[in-house]
Student: 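Just passing along the structure, written as structure tokens.
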There are 2 protein chains.
Amino acid sequence: MTPAAQDRRGAYAKGVAKREEILQTALEVIAREGYRGASVKEIAEAVGLSQAGVLHYFDSKEELFTEVLRRRDNLDRADFMPGEGWPGGFEGMRESFVEVIRHNGDVPGLVQLFSRLAVDAADATHPAHAYFIERGRELREGLSTVIAEQQRAGTITDRIDAETLARVLQAVADGLQLQWALERDVDMAATMDALFAALLTEGGPARDA
Amino acid sequence: MTPAAQDRRGAYAKGVAKREEILQTALEVIAREGYRGASVKEIAEAVGLSQAGVLHYFDSKEELFTEVLRRRDNLDRADFMPGEGWPGGFEGMRESFVEVIRHNGDVPGLVQLFSRLAVDAADATHPAHAYFIERGRELREGLSTVIAEQQRAGTITDRIDAETLARVLQAVADGLQLQWALERDVDMAATMDALFAALLTEGGPARDA
DNA sequence: GTCTATATGTTGATAGAC
DNA sequence: GTCTATCAACATATAGAC
């Protein structure tokens with residue numbers, strides 16, 4: 001009985017496991033050595049393979065790293081954003097969003113990888129190009145839906161478009177990662193939370209404690 | 001008579017001019033080919049030198065690119081932020097800040113270079129590391145001074161610390177560049193201006209028209 | 001002093017043996 | 001599926017011409 005072809009390659013049990021092991025090890029190497037030190041050779045040695053052995057599972061280094069990010073990003077979003085949108089209205093979104101950012105502070109390798117790929121993916125030929133566009137649109141759509149809802153309810157300021165504010169929130173999250181990568185004493189979660197607090201209306205029904 | 005040693009190398013007229021020419025050409029190549037296609041060889045050919053000829057003026061490719069950014073960044077800041085801080089209080093700062101961002105929309109190569117170096121400079125050994133730290137601190141200091149001033153005057157919201165808000169504004173500027181590099185239809189200046197508008201107090205003395 | 005030409009070591013990518 | 005061998009592109013260093 002052939003296993004389900006869940007991917008072009010590595011559909012067999014051993015291949016899948018090895019592929020997973022490579023992705024996990026790559027992330028650890030990035031966290032330890034930084035993105036620059038994370039060559040395919042370095043990752044291959046850490047996982048106990050030759051350079052060509054690793055590239056058997058992935059078309060290129062860029063594709064490998066794109067896959068590392070995609071997996072972890074999907075896992076995070078599943079953990080912190082169950083279902084289609086955010087539960088609990090504005091406060092639910094605020095808490096989830098801040099929690100994801102707080103969690104990022106525990107995985108420097110992933111943050112560095114995200115920032116680096118976010119830059120490289122501007123090139124239309126980069127394997128992560130479509131992924132970043134799609135991811136951004138989904139994120140902003142989810143955010144602006146909740147924002148527009150709360151603006152109608154009067155809980156948060158309506159002095160800015162919901163779509164524009166959603167774009168701003170995404171920019172803050174990404175920009176804070178750059179600052180944090182440069183100087184680790186930046187408190188990304190607290191900064192984001194303070195911005196959320198400032199966006200609440202003074203006399204809104206769901207006034208913050 | 002020996003010319004003033006304004007730099008370790010290139011203190012002679014011809015050397016200074018060549019150095020300047022390389023920096024200018026490098027920027028043009030980046031704008032045309034993108035950061036990835038901008039090898040030293042490519043730049044060398046564009047400027048009419050050999051690869052080693054270019055590297056005579058700069059210790060490394062990273063140092064060359066760092067220098068390109070530093071020069072242009074300094075020029076921009078001189079153009080849009082005369083003197084020590086921003087003139088014209090909050091509205092002056094708002095206009096200058098938005099104007100710089102609008103101007104960035106005209107130099108995609110520089111934006112790409114900035115984003116790329118901002119990521120790479122997280123590594124403490126990168127030649128731009130200290131520069132980015134210093135630049136961020138100066139920017140946030142200038143911003144938070146004006147913000148605190150206007151908060152006391154009651155023109156903008158005091159529901160967030162001046163220092164925190166300054167950090168947020170920097171993050172928005174950097175984050176918007178990532179979004180814009182990915183999808184050029186993003187209006188960075190308009191988005192930033194909308195955020196500034198949302199930060200104004202409803203009944204403040206310097207109410208927006 | 002400034003440049004050309006050349007050599008070295010590293011990287012990512014690919015072909016083919018087992 | 002994993003390996004060895006090989007390739008081209010790259011950054012870097014240096015020898016020597018002018």
Side-chain angles (χ1 to χ4, degrees), chain A residues 2-3 5 7-23 25-26 29-30 33-68 113 116-117 120 123 125-128, chain B residues 1-23 25-26 29-30 33-68 116-117 120 123 125-128:
Chain A
T2 59
D7 206 341
R8 200 171 80 262
R9 283 169 312 190
Y12 293 87
K14 187 182 176 186
V16 170
K18 204 71 184 173
R19 208 177 140 90
E20 214 59 47
E21 191 188 342
I22 292 170
L23 293 173
T25 305
V29 171
I30 292 167
E33 315 269 352
Y35 186 96
R36 302 167 96 199
S39 65
V40 176
K41 185 173 185 285
E42 190 87 20
I43 293 166
E45 281 166 4
V47 83
L49 283 180
S50 73
Q51 181 202 31
V54 166
L55 286 178
H56 169 72
Y57 292 92
F58 303 92
D59 284 339
S60 66
K61 177 187 179 178
E62 280 179 340
E63 204 225 84
L64 195 172
F65 285 163
T66 298
E67 204 59 27
V68 172
L113 179 63
R116 175 57 188 262
L117 288 189
D120 290 354
D123 189 321
T125 67
H126 194 283
Chain B
M1 196 187 293
T2 60
Q6 61 182 41
D7 207 342
R8 200 172 80 260
R9 282 171 311 191
Y12 292 87
K14 186 183 176 186
V16 170
K18 204 70 183 172
R19 209 175 141 91
E20 214 59 47
E21 191 187 344
I22 292 170
L23 292 173
T25 305
V29 171
I30 293 168
E33 314 270 351
Y35 186 95
R36 301 167 97 198
S39 66
V40 175
K41 185 171 184 288
E42 190 86 20
I43 293 167
E45 280 165 6
V47 82
L49 282 182
S50 71
Q51 183 197 31
V54 167
L55 286 178
H56 168 73
Y57 292 93
F58 303 91
D59 286 337
S60 66
K61 178 184 179 178
E62 279 178 340
E63 204 226 83
L64 195 172
F65 285 165
T66 298
E67 204 58 26
V68 172
R116 174 58 186 264
L117 288 189
D120 289 355
D123 189 321
T125 68
H126 193 283

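Values in this document were obtained by computation on a predicted structure and should not be read as measured data. First the proteins, then the strands, lettered A, B, ... as listed; each starts at 1.
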Student: For a quick test of reading the model: is some side-chain N or O of Lys61(A) closer than 4.0 Å to OP1 or OP2 of dG12(C)?
Tutor: yes
Student: Starting at CD of Glu45(B) and ending at C1' of dA9(D), how long is that distance when rounded to a whole Å?
Tutor: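 Taking atom C1' of dA9(D) as the reference, CD of Glu45(B) is at 13 Å.
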Student: Just N and O in the side chain of Tyr57(B): are any of them under 4.0 Å from OP1 or OP2 of dT2(C)?
Tutor: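 Negative; the distance criterion is not met.
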Student: Rounded to whole angstroms, how far apart are CD on Gln51(B) and P on dT6(C)?
Tutor: 14 Å
Student: Think Ser50(A) has a side-chain N or O under 4.0 angstrom from the OP1 or OP2 of dC3(D)?
Tutor: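 Answer yes for this pair, as a side-chain N or O of Ser50(A) is under 4.0 Å from OP1 or OP2.
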Student: Nearest-Å distance, CD (Glu62(A)) to C1' (dA13(C))?
Tutor: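 The distance from CD of Glu62(A) to C1' of dA13(C) comes to 12 Å, rounded to the nearest Å.
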Student: Between P on dG12(C) and CZ on Arg36(A), what's the gap in Å once rounded to a whole number?
Tutor: 14 Å
Student: Just do the side-chain contact (heavy atoms from CB on, under 4.5 Å) check on Leu113(A) and Arg116(A) with the steps written out, would you?
Tutor: CA-CA 5 Å; Leu113(A) 179 63; Arg116(A) 175 57 188 262; 5.7 Å; no
Student: Distance check needed: dT2(D) C1' versus Lys41(A) NZ, whole Å only.
Tutor: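 Those two atoms, NZ and C1', are 17 Å apart.
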Student: Could you tell me how far apart His56(B) (NE2) and dT4(C) (P) are, to the nearest whole angstrom?
Tutor: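 In whole Å, dT4(C) P and His56(B) NE2 are 11 Å from each other.
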Student: Between dT11(C), dC3(C), dT2(D), spot the one nearest the side chain of Lys18(A), thanks.
Tutor: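 Looking only at heavy atoms from C-beta outward on Lys18(A), the closest nucleotide is dT2(D).
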Student: Within the 4.5 Å heavy-atom criterion, are Gln51(A) and Glu45(A) side-chain neighbours or not?
Tutor: no
Student: Counting side-chain heavy atoms from CB outward, which of dT4(C), dA13(C), dC10(D) is closest to Leu49(B)?
Tutor: dT4(C)
Student: Of the nucleotides dT2(D), dA11(D), dT4(D), which one has an atom closest to the side chain of Ala52(A)?
Tutor: dT4(D)
Student: Would you please indicate yes or no on a ring centroid separation below 6.0 angstrom for Phe65(B) and Tyr35(B)?
Tutor: yes
Student: Whole angstroms only, please: what is the CD-P distance between Glu63(A) and dA13(C)?
Tutor: 10 Å
Student: What's the verdict on side-chain contact (heavy atoms from CB on, under 4.5 Å) for Lys61(B) and Ile43(B), showing C-alpha distance, side-chain angles and the deciding distance?
Tutor: CA-CA 10 Å; Lys61(B) 178 184 179 178; Ile43(B) 293 167; over 6 Å; no
Student: Find out whether Arg19(B) and Ile22(B) are in side-chain contact, i.e. whether some heavy atom of one side chain is under 4.5 Å from a heavy atom of the other.
Tutor: no
Student: Measure from CG on Leu55(B) to P on dT2(C) and round the result to the nearest Å.
Tutor: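 Taking atom P of dT2(C) as the reference, CG of Leu55(B) is at 16 Å.
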